[in-house]
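Worksheet for the structure shown next.
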Amino acid sequence: MKPFRFQKFDIIQHENVFRVGTDGVLLGALCQVENAQKILEVGTGTGLISLMLAQRNANAEITALDLNEDAVKLAQENFKNSPFSERLHVFHQDFKTFASQKEYDFVVCNPPFFEENNSVKDILARQQVELTFRNLIEKASKILSSEGIFSVIIPSESAQEFENLAQDFDLYLVRKVNIFGIENGVLKRNVLEFSKKKSALETLDFTIEKSPRKYSDQYLELTKEFHVFGK
């Protein structure tokens, strides 16, 4: 499987690990990570999001977890080959039982979002088998600092459910990005960001393509420091 090439790092991929995808790139580029010092990524896969956050924030120490041993080995390799290797650490760990002596000021996840089903493709990465929304939110609420941000990307039809669950654990929606696949199309995804402190909700509309297979100016601007785009 060919590596996925970005401007400042490459992602080696593997058939047993969920590949680089648009959701991961969007979350890595859209989340508000600029002020974070201690970052935790849940379900790192190839390590893409952690690498993007390391590029965006030169002061952050990043811990990445994954339940898939192949993913941990792959992320380890991708981290080691990057310019940010000293600030990136990956562990073979179930987030539900993750024990930490410290709080994190940024927790980020591109979570499994399908209900458990009969598909055999990327089961851990795509289906809520080992990590449900409730599992994820409950644990994030326990390790998030008082000023911290919890950031996810999920299908828009699950956004209200996710927000309701977050409120059960005293996490409040402070930022919402509405992601449209194509201009004038239907809402596809949401980046949701939560805090332990209530504040006015910030909202943003974002469009990936202005026409089929033609990126929007918004997407080109957002990812200009990452994608090669013919360079």
Side-chain angles (χ1 to χ4, degrees), residues 1 4 11 13-31 39-53 62-76 78 90-98 100 104 106-144 149-169 171 173 176-179 181 187-194 208:
M1 189 174 292
F4 199 105
I11 297 286
Q13 303 192 96
H14 188 281
E15 61 183 6
N16 293 333
V17 179
F18 196 64
R19 269 69 65 202
V20 170
T22 303
D23 284 0
V25 172
L26 287 170
L27 182 58
L30 280 167
C31 65
I39 297 173
L40 178 70
E41 186 192 359
V42 181
T44 193
T46 61
L48 167 66
I49 292 171
S50 286
L51 283 160
M52 292 181 72
L53 301 191
I62 301 172
T63 300
L65 309 178
D66 208 290
L67 194 57
N68 179 346
E69 194 168 358
D70 289 330
V72 172
K73 292 176 182 176
L74 192 62
Q76 207 163 34
N78 287 326
V90 61
F91 299 97
H92 184 215
Q93 176 71 56
D94 185 343
F95 183 53
K96 298 192 300 296
T97 57
F98 176 59
S100 175
Y104 291 87
F106 199 85
V107 178
V108 63
C109 184
N110 176 11
F113 51 75
F114 291 123
E115 296 292 337
E116 190 171 350
N117 57 58
N118 293 325
S119 173
V120 296
K121 184 178 179 182
D122 299 311
I123 292 174
L124 293 182
R126 296 172 67 89
Q127 296 181 34
Q128 296 182 54
V129 177
E130 294 292 344
L131 187 67
T132 65
F133 285 168
R134 178 172 285 275
N135 294 154
L136 172 62
I137 294 165
E138 181 176 14
K139 187 68 175 186
S141 71
K142 292 177 179 177
I143 62 172
L144 193 67
I149 294 293
F150 170 44
S151 184
V152 297
I153 186 168
I154 58 172
S156 56
E157 60 266 26
S158 300
Q160 189 61 59
E161 174 197 357
F162 202 97
E163 182 181 351
N164 292 343
L165 284 169
Q167 289 180 352
D168 289 345
F169 297 97
L171 291 176
L173 187 65
K176 183 176 187 178
V177 184
N178 301 310
I179 299 172
L187 184 62
K188 290 290 189 180
R189 296 281 189 269
N190 285 109
V191 169
L192 304 177
E193 297 196 327
F194 300 88
I208 300 171

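Side chain of D70 to backbone of V17: no donor-acceptor contact under 3.5 angstrom is found.
Within the model, atoms OG of S141 and CZ of F150 stand 9.0 Å from one another, a figure rounded to the nearest 0.5 Å. The structure places CZ of R189 at 9.5 Å from CG of L26, a figure rounded to the nearest 0.5 Å. Distance OG/S158 to CG/L165: 10.0 Å, rounded to 0.5 Å. We find the CD-CE distance between E41 and M52 to be 11.0 Å, quoted to the nearest 0.5 Å. A distance of 5.0 Å separates CG of L136 from CZ of F162, quoted to the nearest 0.5 Å. To the nearest 0.5 Å, atom CD of residue E193 and atom CG of residue L171 are 12.5 Å apart.
Not a single ring-ring contact (aromatic ring centres under 6.0 Å, His included) links F169 to another residue, sequence neighbours left out. V177 is linked by a side-chain contact (heavy atoms from CB on, under 4.5 Å) to L30, R175, I179, V191, L204, F206, counting only residues two or more places apart in sequence or in another chain. By the side-chain contact (heavy atoms from CB on, under 4.5 Å) test, K176 is found to be paired with L173, N178, N190, L192, L201, T203, residues two or more places apart in sequence or in another chain being considered. For Q13, the side-chain contact (heavy atoms from CB on, under 4.5 Å) test picks out M1, F4, I11, R19, V20, with sequence neighbours left out. Checked against salt bridge (charged side-chain N to carboxylate O under 4.0 Å, His left out), D168 has the following partners two or more places apart in sequence or in another chain: R134. Every salt bridge (charged side-chain N to carboxylate O under 4.0 Å, His left out) that K142 has, sequence neighbours left out, goes to E138.
Proximity of N110 to L48: side-chain heavy atoms (C-beta onward) are nowhere separated by under 4.5 Å. Between V42 and P111 the shortest side-chain heavy-atom distance does not fall below 4.5 Å. Contact annotation: the side chain of L144 never approaches that of F194 to less than 4.5 Å [non-hydrogen atoms, C-beta and beyond]. Under the 4.5 Å side-chain criterion, counting only non-hydrogen atoms from C-beta, D66 is not in contact with V90. Between I143 and F95, the closest side-chain pair of non-hydrogen atoms falls below 4.5 Å.
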(request) Give the C-alpha distance, both sets of side-chain angles, the deciding distance and a yes or no for side chain to side chain contact (heavy atoms under 4.5 Å, CB included) between F133 and I154. (result) CA-CA 10 Å; F133 285 168; I154 58 172; 4.3 Å; yes
(request) Give the intermediate values and the outcome of side chain to side chain contact (heavy atoms under 4.5 Å, CB included) for residues L53 and C31. (result) CA-CA 9 Å; L53 301 191; C31 65; 3.5 Å; yes
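Nearest heavy-atom pair, A64 versus S50, reported as atom, atom and distance to 0.1 Å: CB-OG, 3.8 Å.
The aromatic rings of Y104 and F98 are tilted relative to each other, their planes meeting at an angle between 30° and 60°.
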